[in-house]
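Written out below as structure tokens is the structure these notes cover.
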Amino acid sequence: MENISFITGGAGFIGSNFILRWLKNETGKIVNIDKMTYAGNPYFLTEMEKESRHIHEKVDIADRDRLLPLFRDYRPKTVIHFAGESHVDRSITDPSPFLHTNIIGTFTLLEAVRHYFFQLLSHEDQQDFRFLHISTDEVFGSLNLQHNEKFTETSCYEPSTPYAASKASGDHLVRAWQKTYRLPTISVHCSNNYGQRQSPEKLIPKTIINILNGNPMTVYGDGLHRRNWLYVDDCCDAIYQVWKQGRIGERYNIGGFTEKNVLSVIETIYNFMKETGIRVVLPIWDFIRLTSDRPGNDRCYALNSEKIKTELGWEPVTDFDTGIKRTIDWYQEHRDWLNEAADRNQNVF
Ligand SMILES: NC(=O)c1ccc[n+]([C@@H]2O[C@H](COP(=O)([O-])OP(=O)(O)OC[C@H]3O[C@@H](n4cnc5c(N)ncnc54)[C@H](O)[C@@H]3O)[C@@H](O)[C@H]2O)c1
């Protein structure tokens with residue numbers, strides 16, 4: 001059996017970073033199943049296509065008739081499922097693509113995997129096969145800002161937004177397919193990723209582009225909503241470790257070093273950019289413009305990542321300041337890409 005892995009959503013932020021990392025470490029081939037929504041970036045595909053071991057299949061994971069032949073033709077050893085609708089604001093404006101991809105898409109993919117696993121794989125190949133599902137800390141809802149709590153892998157699901165509810169539904173389907181059909185699945189809950197190749201609709205690239213373009217930055221509510229921040233290279237390392245060594249049927253939290261509120265993140269970026277001599281047009285008090293809060297905006301997320309540390313020896317290695325500086329450098333070097341991606345996402349600016 002050829003060494004082929006399926007990655008879904010590999011033209012997006014985390015998936016593209018993961019593929020580039022994977023190609024450095026592995027000798028096999030990647031089939032990148034990505035429908036190319038507004039979040040799928042053709043520029044990333046060009047980067048990956050320099051490498052002949054990357055094959056892009058422009059397929060919707062909710063399209064059963066297109067998925068099944070892919071499994072039959074390529075016979076993957078593994079499926080790592082990143083594809084998703086990922087932007088909370090969009091899920092509030094229009095939840096339907098979130099239900100389509102995060103629920104129906106995940107269900108359709110699981111069914112294709114089930115068919116493939118039981119009908120097409122030998123007993124020997126079944127032993128090695130894995131389905132790895134990428135989920136979020138947002139499925140757990142909000143922590144109390146005053147208490148020093150963190151979510152563990154057994155915390156209750158209390159999703160607050162259509163995005164979080166759709167991801168929670170996907171998680172439940174994955175768990176049920178493992179329990180009922182004994183599919184070899186593993187799930188991870190990642191905290192807020194940041195770094196190179198993130199869509200400019202998300203907080204950190206949006207802050208950078210607004211500073212570069214001299215525009216103000218709108219912030220929901222009082223801006224004191226706290227998040228755990230994880231540099232994308234650390235996240236990809238963790239996912240890689242879980243894929244290599246994680247136990248079937250388990251869930252692993254993947255959190256970063258730093259918990260910071262939104263205002264503090266924006267101020268850090270602003271100050272770094274100013275220090276490095278970038279022309280900052282607006283003074284900080286004029287740059288940040290508070291608006292009314294977003295519905296369902298959870299006050300605080302924090303993850304306890306002891307399990308992955310103890311079992312698999314993974315810990316984040318990139319502190320927030322280092323990660324942010326690298327991110328700013330990358331966006332400055334890719335201003336053409338940033339402006340082009342911002343045009344495709346123009347309704348968020
Ligand atoms: N970014 C984060 O901070 C974060 C944190 C925790 C979990 N996650 C999860 O990780 C995954 C990847 O997140 P991201 O930030 O890279 O997302 P992203 O929005 O940057 O990329 C998503 C990718 O999925 C593709 N896609 C969407 N719908 C599809 C469909 N129906 N069929 C095939 N491809 C489809 C898009 O074209 C895009 O390339 C998502 O499932 C997300 O929920 C993200």
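Counting starts at 1 for both ligands and their atoms, in listed order. Throughout, numbering of the chain's residues begins at 1 and tracks the sequence.
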Using heavy atoms and a 4.0 Å limit, tell me yes or no: is V59 in contact with ligand 1? yes
Out of D171, T106, T185, which residue meets the side chain to side chain donor-acceptor pair (under 3.5 Å) rule with H133? D171
Within a 6.0 Å radius of atom NZ on K77, are there more than 12 heavy atoms belonging to other residues, nucleotides or ligands? yes
Please state which part of S191 comes within less than 4.0 Å of ligand 1, counting heavy atoms only: side chain, backbone, both or neither. backbone
Shortest heavy-atom approach to atom 28 (N) of ligand 1 - which of L67, T101, T8, I239: T101
Does Q198 reach ligand 1 with a nitrogen or oxygen that is under 3.5 Å from one of the ligand's nitrogen or oxygen atoms? no
With the 4.5 Å side-chain cut-off for hydrophobic clustering, are I14 and Y252 part of the same group? yes
Given the rule that I, L, V, M, F, W and Y join up when any side-chain heavy atoms are under 4.5 Å apart, are I104 and L109 in one cluster? no
I92-Y301 co-clustered via ILVMFWY side chain contacts under 4.5 Å: no
Are F320 and Y194 an aromatic pair by the rule of ring centers under 6.0 Å? yes
Ranked by distance from atom 20 (O) of ligand 1, the top protein heavy atom is F13 N, 3.0 Å
Heavy-atom gap G170 to ligand 1 smaller than 4.0 Å: no
Test your reading of the structure: does D137 have an N or O sitting under 3.5 Å from an N or O of ligand 1? no
What is the closest protein heavy atom to atom 33 (C) of ligand 1, and at what distance does it sit? K35 N, 3.2 Å
From S86, G15, A62 - option closest to atom 18 (P) of ligand 1 by heavy atom: S86
Could you name the option among I33, N228, N193, D34 that has the heavy atom nearest to atom 37 (O) of ligand 1? D34
From the candidates G9, G105, A11, the one that places a heavy atom nearest atom 23 (C) of ligand 1: G9
Atom 12 (C) of ligand 1: closest protein heavy atom, distance to 0.1 Å, is F82 O, 3.3 Å
Any N or O of N192 closer than 3.5 Å to N or O of ligand 1: no
For ligand 1, is I134 a contact, meaning one of its heavy atoms is under 4.0 Å away? yes
Taking the six-membered ring for Trp, are F140 and H189 closer than 6.0 Å centroid to centroid? yes
Taking atom CD of Q127 as the centre, report whether more than 12 heavy atoms of other residues, nucleotides or ligands fall under 6.0 Å from it. yes
Heavy-atom check, side chain of E201 versus side chain of R90, under 4.5 Å: yes
Report whether F257 and I254 are members of the same hydrophobic cluster (ILVMFWY, side-chain heavy atoms less than 4.5 Å apart, transitive linking). no
Measure the distance from atom 4 (C) of ligand 1 to every protein heavy atom, then report the residue, atom name and distance (to 0.1 Å) of the closest one. I14 CD1, 3.8 Å
As a check for students: among G12, C190, G84, identify the option with a heavy atom nearest to atom 24 (O) of ligand 1. G84
Counting only heavy atoms closer than 4.0 Å, does ligand 1 sit against the backbone of M36, its side chain, both, or neither? backbone
Is the ring pair Y163/F98 parallel, tilted or perpendicular, if the boundaries are 30 and 60 degrees? perpendicular
Test log, rule side chain to side chain donor-acceptor pair (under 3.5 Å), inputs E111 and Y181: CA-CA 10 Å; E111 280 294 84; Y181 304 114; 5.0 Å; no
In ligand 1, which numbered atoms sit nearer than 4.0 Å to a non-hydrogen atom of T37? 27 (C), 28 (N), 36 (C), 37 (O)
Using a strict cut-off of 4.0 Å, indicate which atoms of ligand 1 neighbour a heavy atom of D60. 30 (C), 31 (N), 32 (N)
With no hydrogens and no angle check, is any side-chain donor or acceptor of N17 less than 3.5 Å from a backbone partner on V232? no
Provide the number and element of each atom of ligand 1 under 4.0 Å from a heavy atom of K167. 40 (C), 41 (O), 42 (C), 43 (O)
Should the proximity of S135 to ligand 1, defined as any heavy atom under 4.0 Å, be assigned to the side chain, the backbone, both, or neither? backbone
Closest heavy-atom approach to atom 9 (C) of ligand 1 among Y38, Y163, Y194 is made by Y163
Polar-atom distance check: I61 versus ligand 1, any N or O pair below 3.5 Å? yes
Are the aromatic ring centres of F44 and W337 under 6.0 angstrom apart? yes
